[in-house]
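Heads up: numbering here begins at 1 and tracks the sequence. For clarity, every value in this text was computed on a predicted model and none was experimentally measured. Hydrogens, waters and symmetry mates are skipped; everything else that's a heavy atom, side chains included, is used.
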Amino acid sequence: MNVFLIVFSYIALLVFGLIDNSRGPVYPEILNFFSINKSQGALFFTLSSIMAFIVNLFSSRILSKTGVVNSLKISLLLMVLATLVYGYAGQIDGAYPLFILGSIILGSGVGLLSVSNNLLISKNSPTHLKQQLFSGLHSMYGLSSFAAPLLYAYVLTSGVSWQNFFYILSAFPLLALIIFMRAKNDTFEIKHTSENKIPKSIFIPLGILLSFYVSSEILVSTRLVIFLKEYWSFSSERASSFLSIFFFLLLSGRLSFAFIRIPINPLLLLKISALSSICLFILGIKVSPIFLPVLGLSMSYFFPCSLGWLSNKYSANIDKLITILMMFVNGMIVIIHSLFGIISDSYGIVWAFSLGFFFQALVLYLLQKQTR
């Protein structure tokens, strides 16, 4: 087990999470500053996802030339550039096209990171610890998800503008890049043999399953604030506090699975997560918003648990499988950001936010089709 590379992957995801989860709280300010609607504002999220998807399409070729570790370093450099562009363009009236260039740059980094940091865990951890180490990895995203809104709130109360907040964010990937610059690179190779070939009947359902789960989580993390403000008439402060609770529960759940080995079949755990999330979406939309932050707990362990399960089940093909699955995930994220903006403008915020319920229902259906 290479602890140094595992820590590198942890820190890289922590840094990305700080940037990614800061976009949700800043989103209403961006709409106001540039005087754009939600469909136009969706480009802030959509273009980064499109670029992540494109990079994923070529990730096998990129990683085979650069190596997994160097790819992670490049992703950190792209995060630095993206946040600097956000900060600069956000101070120029009418510079929204330049502003979303930052999303294109960020998405390129995300495309590399989504494959390389998961591969570092899969390639550098023993079989019996994979699920826990994946939970630890994605706890970093949960930690940053919890910290990002609090950091943003603190910065605002200190009199710093949201534009300058992006300059502050650029320091995190830069510092990580400096610390891990000397991390030794490794190789990435996929053996194209009949034994290692993954049938479409396996990777397509798994890709759709993970894509719809991730989309539902992203929908909550990026749109919960605006949903609470528009539908439940929350103040910005109260809506942000609900988002912080969501992220705190997301973090708590993932940390619990990182340190505690649950003696339950992983597939059953995934079904419990999906079913719980379905119920919470219904209650949070129809009964009381108090149920929506609890989605952080029901969703917390799904992604790391699924990666641990797949790494053990398809250990011989995991490099190729993770590459393919991340391509599915990033492709679906493109659709969800565009779809949310269109549905929100055309049919209202309730129908748009209800996409999370439908996504989780499909996840549960696909899990029912899986075998141990």
Side-chain angles (χ1 to χ4, degrees), residues 2 4-23 44-87 100-124 134 136-145 148 166 169-188 214 218 303 307 319 322-331 333-334:
N2 192 321
F4 186 69
L5 291 182
I6 289 173
V7 171
F8 184 25
S9 66
Y10 275 37
I11 296 299
L13 190 58
L14 177 68
V15 167
F16 165 65
L18 280 173
I19 298 171
D20 192 40
N21 290 291
S22 294
R23 295 195 295 168
F44 178 49
F45 301 103
T46 306
L47 285 179
S48 60
S49 301
I50 290 174
M51 282 307 302
F53 175 71
I54 292 173
V55 170
N56 274 161
L57 288 176
F58 300 98
S59 59
S60 292
R61 295 180 182 179
I62 296 172
L63 267 66
S64 64
K65 291 182 179 180
T66 63
V68 180
V69 174
N70 281 349
S71 292
L72 203 53
K73 293 176 185 177
I74 293 170
S75 74
L76 288 170
L77 177 61
L78 291 171
M79 289 179 212
V80 175
L81 294 176
T83 47
L84 291 176
V85 171
Y86 281 147
I100 59 177
L101 173 63
S103 292
I104 295 174
I105 298 171
L106 180 64
S108 301
V110 174
L112 290 175
L113 177 125
S114 63
V115 175
S116 55
N117 71 346
N118 285 309
L119 281 176
L120 281 182
I121 299 297
S122 179
K123 291 161 68 75
N124 293 285
F134 271 119
L137 172 66
H138 293 281
S139 293
M140 296 300 99
Y141 190 84
L143 177 59
S144 61
S145 300
F166 280 115
L169 287 176
S170 68
F172 292 100
L174 179 60
L175 183 60
L177 187 60
I178 293 171
I179 292 172
F180 292 98
M181 181 58 70
R182 295 186 178 182
K184 187 178 179 181
N185 194 33
D186 60 353
T187 58
F188 175 85
V214 172
I218 288 178
F303 195 70
L307 289 179
D319 285 13
I322 285 180
T323 303
I324 294 173
L325 294 182
M326 291 305 105
M327 182 180 67
F328 269 86
V329 168
N330 286 304
I333 292 173
V334 174

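With sequence neighbours excluded, the residues satisfying ring pair (Phe, Tyr, Trp, His ring centres under 6.0 Å) with Phe45 are Tyr27, His337. Residues passing the side chain to side chain donor-acceptor pair (under 3.5 Å) test with Ser22, sequence neighbours excluded: none. Not a single side chain to side chain donor-acceptor pair (under 3.5 Å) links Ser122 to another residue, sequence neighbours left out.
Taken from CG in Leu120 to CG in Asn2, the straight-line distance is 8.5 Å, to the nearest 0.5 Å. A distance of 13.0 Å separates OG1 of Thr323 from CZ of Arg61, quoted to the nearest 0.5 Å. From Ile105, atom CD1 reaches atom CG of Leu101 across 4.5 Å, with rounding to the nearest 0.5 Å. In this structure, the separation between CZ on Arg182 and CZ on Phe4 is 10.5 Å, given to the nearest 0.5 Å. Atom CD1 of Ile100 and atom OG1 of Thr46 lie 9.5 Å apart (nearest 0.5 Å). Here Leu112 contributes atom CG and Ser108 contributes atom OG; the two are 7.5 Å apart, rounded to the nearest 0.5 Å.
At a threshold of 4.5 Å between non-hydrogen side-chain atoms, the residues Asn56 and Phe328 do not count as touching. No side-chain heavy atom of Leu169 sits less than 4.5 Å from a side-chain heavy atom of Val15. The shortest distance between side-chain heavy atoms of Ile121 and Ile6 falls below 4.5 Å. Inter-residue side-chain proximity for Ile11 and Ile179 is flagged as unmet; no heavy-atom pair is nearer than 4.5 Å. Taking the side chain as every heavy atom from C-beta outward, Ile50 and Leu47 approach each other to under 4.5 Å. Residues Leu106 and Leu78 have side chains not in contact (no heavy-atom distance under 4.5 Å, counting atoms from C-beta outward). Within the 4.5 Å cutoff, the side chain of Lys123 has no heavy atoms near those of the Leu5 side chain. For the pair Val110 and Phe16, the minimum side-chain heavy-atom distance is below 4.5 Å.
Between Phe8 and Phe180, the ring-plane angle classifies as parallel under the 30° and 60° cut-offs. The aromatic rings of Phe166 and Phe44 stand perpendicular to each other, their planes meeting at an angle above 60°, with 30° marking the opposite boundary.
Considering all non-hydrogen atoms of both residues, Leu84 and Ser170 come closest at CD2-OG, 3.7 Å. Closest approach of Ser48 to Arg23, counting heavy atoms only: OG-NH1, 3.3 Å. Of all heavy-atom pairs spanning Val68 and Ser116, the tightest one is CG1-O, 3.3 Å. Across all their heavy atoms, Ile19 and Met79 have their closest contact at CD1-CB, 3.8 Å. When all heavy atoms are compared, the tightest approach of Val80 to Leu174 is CG2-N, 3.5 Å. For the residue pair Lys73 and Met181, the shortest heavy atom distance occurs at NZ-O, 2.6 Å.
Using modelled atom types, one finds a donor on one side chain and an acceptor on the other under 3.5 Å when comparing Thr66 with Ser71.
Between the side chain of Asn21 and the main chain of Gly17, a donor-acceptor pair closer than 3.5 Å is present.
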Asn124 vs Leu119, test: side-chain contact (heavy atoms from CB on, under 4.5 Å). Steps then yes/no.
CA-CA 8 Å; Asn124 293 285; Leu119 281 176; over 6 Å; no
Determine whether Leu14 and Phe172 satisfy the following criterion, side-chain contact (heavy atoms from CB on, under 4.5 Å), listing intermediate values before the conclusion.
CA-CA 9 Å; Leu14 177 68; Phe172 292 100; over 6 Å; no
With side-chain hydrogen bond (donor to acceptor under 3.5 Å, both in side chains) as the test, would you mind laying out the steps for His138 and Asn117 before giving the verdict?
CA-CA 10 Å; His138 293 281; Asn117 71 346; over 6 Å; no
